[in-house]
Amino acid sequence: MALAEQLNITPERALELFYTSKTCEELHDPSTLLYTFGNRYIADEVIAEYRGM
């Protein structure tokens, strides 16, 4: 929901963006410890990824 709210898109579109992102892949990799960060941080990472930052 954080991603949908920040980008002003539907939750369905936000899920699509998230599940096809490298951030999602990294979230499932225990060595990155990304799973320890909050929703807003992860949403920001997805946004930065798609913006090419």
Side-chain angles (χ1 to χ4, degrees):
M1 288 306 297
L3 188 58
E5 290 169 3
Q6 287 181 305
L7 294 176
N8 197 30
I9 58 176
T10 65
E12 293 81 9
R13 178 66 178 135
L15 283 172
E16 180 183 340
L17 288 175
F18 174 72
Y19 283 120
T20 59
S21 70
K22 181 149 179 64
T23 303
C24 179
E25 183 180 324
E26 291 174 354
L27 184 65
H28 292 93
D29 179 354
S31 69
T32 67
L33 298 177
L34 190 58
Y35 64 89
T36 64
F37 291 81
N39 294 344
R40 295 276 179 200
Y41 179 87
I42 293 169
D44 288 343
E45 288 295 304
V46 173
I47 293 167
E49 178 182 338
Y50 281 101
R51 289 187 176 157
M53 302 173 116

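When reading the values below, keep in mind they use all heavy atoms of this one structure, side chains included, and skip hydrogens, waters and symmetry mates.
- L34 has its side chain within reach of Y41: a pair of non-hydrogen atoms, C-beta onward, lies under 4.5 Å apart.
- For the 3.5 Å distance criterion, the side chains of T23 and E49 qualify, holding a donor opposite an acceptor.
- Here the closest heavy-atom approach between residue V46 and residue L17 is recorded as CG1-O, 4.5 Å.
- Counting only distance, with no hydrogens or angles, the side chain of E26 and the backbone of T32 share no donor-acceptor pair below 3.5 Å.
- To the nearest 0.5 Å, atoms CG (D44) and CG (L3) are separated by 9.5 Å.
- In this structure, Y19 and C24 approach most closely via the heavy-atom pair CD2-SG, 3.7 Å.
- Residues N39 and M1 fail the side-chain proximity criterion, which asks for heavy atoms closer than 4.5 Å.
- To the nearest 0.5 Å, atom CD1 of residue I47 and atom CD1 of residue I42 are 12.0 Å apart.
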